[in-house]
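Here the structure comes first, spelled out in structure tokens, and everything after it is commentary.
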Amino acid sequence: MRILLGIALRNLVQSRRRTALVGVAIGGVTLLLVCLLALADGVRDNLVRAATTISAGHVSVAGFFKPNATNLNAIVTGRAALRKLVEENVDGLDYIVERHRGWGKVVGNEGTLQVGFSGVVAEDEPALFDTLSLAWESEYLAGGRDEVIGDPRELAEPGTMVLFAAQARRLGVRVGDTVTIKTETLSGQTNTADARIVAVARDLGLLSSYAVFVDRGLILDLYRYNEDTTGAFWIYLEDIDRADEVMRTLRTAIAEAGYALREHESDPFYFKVSRVQTEDWTGQQIDVTTWRDEVSFLTFIVTGFSVLTWLITTILVSVIAVGIMNAIWTAVRERTREVGTMRAVGLSRGRVLALFLLEAALLGLVSSSAGAILGLGLITLLDALSIRIPAEAAQVILLSDTLHLRITPQALASAVGVLTLLTAASAIWPSVQAAALRPVKALQHAE
Amino acid sequence: MHPIVELENVVKEYPLGRVTVRALRQVNLALDRGEFTVVAGPSGSGKTTLLNLVGGIDVPTSGEVRIDGRATSRLSDRALTALRLEKLGFIFQSFNLINVLDVVQNIEFPLLLQGELSRRERRVRVDALVERVGLQEQVRQRPGELSGGQRQRVAIARALVTRPAIVLADEPTANLDSATGTAIIELMREINHTDHTTFIFSTHDPKVMERADRVVPILDGRLEADTHSRSRAAPVEAR
Ligand SMILES: Nc1ncnc2c1ncn2[C@@H]1O[C@H](COP(=O)(O)OP(=O)(O)OP(=O)(O)O)[C@@H](O)[C@H]1O
Ligand SMILES: [Mg+2]
């Protein structure tokens, strides 16, 4: 009924002060909700970025090789053949990179670090150097320059390393310095090598604390691997959302080609190592995972943000619900005579209910839309400013060293939808009371 | 043809704390189509109560009120609301317009509730009534911008717009000065003449009574022998 909409709208305009007061509250909560959603989504985005830079491809095909029951190498033997099989069985492939893996100690000028190594082939890494954002020297070195020093593309040269700002700080090193790498094979043999630092990247939160990039040759040397091995194939897809589907296809194809395939376990690679080591088998096993599996221990962060967002919203909404209910109550009281008149003229109970609910819904829609638009503006501004997160602990949780906010149109729409619905819901009780008024009584009501 | 409104042994009581107020006692009344009837009585005599029952916005404690043959106390709220919308028009003492709607929208309101006429048909009908009540200059004004007489004209137009079988008016001139009041009664009388709309309204103003076909005197919730002559108004004011 257009006329009811018209009446509802005009009544809102008529009682400007009350409308403004309640509207600002609804808009404010929407603004906050939108910002929190954007933060949660930003963290999710950070997680995807960090995970697919440091820990995994969209889909990863890794290998465990056991020359005997107690020894374990995290490698795929017969790399060329498996790569061919992978390439043939991935639909919507963007590109594949290979990462050789190792773990051990990095000894710097002022400290040591226990890390996992990612051996990269620089010329096969189109995206890594774009994704990694480099730190200014001043970010990891007291008295350093306010500019980026070094170039990660130098990983193409033998004996090179790229690490993260927090690591450089702890080791007390800068670009150009040489660090010593110490690895211990599972059989107890210690190998060492020197690596020259060619670049220092900005931190990516928790995931970047324990990972460094080195040139692939360094891993081959340290572990005496032959050329026809690799650690893992990291597969990047045109659409990351197809990761699960691609993983399933690959599993089937790899198993059918006669490889021993590990059961799917949603754990990161390093968690599996100790488990595999104690298993009683020899030879080669292939493991296929998605990026989600590799960061499954981090999803609590994303879940936590979502839970927190809705918790805060629920509390605030409960508070403003009382205000909304009060406002509609007042409107019903003020317009009781009018309700009586309209009922006498022939307005049904249902339409009286609709009239007041519509008024509330309209108030909710307009205020929450305004809040959402303002929120979008604020999010865009804050994200563009790339504000540095001051505390390292916060960086670890937020998975980035700068504040990243992002919101999808769907999230924006759902914030508006939820607030509108809640506003209407808060008005149900007074609206039902208005609808229940007997026309005679309502008409007798003193203004 | 049965009377448009029939009251049979109607009693209306209001509970008031521990006591019960008897507002109407054993009222019998029949109104014929096209009549211009005045219910006349002093304050507290039961005029409003009677009109509320006739208008189907309240139901009797006992007895029966039949509007166009249908007993109001046997109808659901929904059916009674529909009956009011289709058969009745209301004019109130304090005008009771919808404040946020302008003159045209107020008049059109019942038609929109009925939802039977097209936009164009509604327009034609509203325009004709606006002209009839002489508010062509005020069509886009809201009630707050109108004088009392103008507001009551809007209310009359609203009451007539659905072409109801019967129009009720509870002391329609009480909040108007006497010249304006007379003009309003003249307008209703004229509409009654030309369109044969049944009118029933209450008053305690002798000047208004003079204009009626029929005066039904009411006192202490009882109807007294009424008169059908326009020439003689019953002097019920004396008490
Ligand atoms: N809701 C109510 N509760 C209790 N008593 C009521 C109620 N409405 C009316 N009455 C009583 O019923 C009697 C008739 O009232 P009613 O309003 O019908 O008289 P009236 O003739 O319209 O008077 P007035 O000229 O003052 O409008 C009065 O004694 C009044 O006090
Ligand atoms: Mg009265």
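Below, chain A is the first sequence line, B the second, and so on; all start at residue 1.
Contact annotation for B:Asn52: only side-chain heavy atoms (C-beta onward) come within less than 4.5 Å of a heavy atom of chain A. Within the 4.5 angstrom heavy-atom criterion, atoms from both the backbone and the side chain of B:Ser94 approach chain A. Neither the backbone nor the side chain of A:Arg335 comes within contact range of chain B, judged by heavy atoms closer than 4.5 Å. Contacts of B:Gln105 with chain A are made by side-chain atoms alone, with heavy-atom separations under 4.5 Å and no backbone atom involved. Neither the backbone nor the side chain of A:Leu9 comes within contact range of chain B, judged by heavy atoms closer than 4.5 Å.
At a threshold of 4.0 Å, the pair B:Arg22-B:Asp220 does not count as salt-bridged, since none of the basic side-chain nitrogens sits closer than that to a carboxylate oxygen. Salt bridge annotation for A:Arg343-B:Asp77: present, with a cationic side-chain nitrogen under 4.0 angstrom from a carboxylate oxygen.
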Walk me through it: do A:His404 and A:Asp383 pass the test side-chain contact (heavy atoms from CB on, under 4.5 Å)?
CA-CA 5 Å; A:His404 177 35; A:Asp383 193 58; 2.9 Å; yes

Determine, step by step, whether A:Val345 and B:Phe109 satisfy the side-chain contact (heavy atoms from CB on, under 4.5 Å) criterion, reporting the C-alpha distance in whole Å, the side-chain angles of both residues, the deciding distance to 0.1 Å, and the verdict.
CA-CA 9 Å; A:Val345 169; B:Phe109 186 67; 4.3 Å; yes

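The most heavy-atom pairs under 4.5 Å with chain A, out of B:Thr48, B:Leu112, B:Leu83, come from B:Leu112. Between chain A and the options B:Asp58, B:Leu80, B:Leu85, B:Val100, the largest number of non-hydrogen pairs under 4.5 Å is found for B:Val100.
To the nearest 0.5 Å, atoms CZ (A:Arg18) and CG (A:Leu363) are separated by 10.0 Å.
Between B:Phe90 and B:Phe92, the angle of the ring planes stays under 30°, which puts this pair in the parallel group of the 30/60° scheme.
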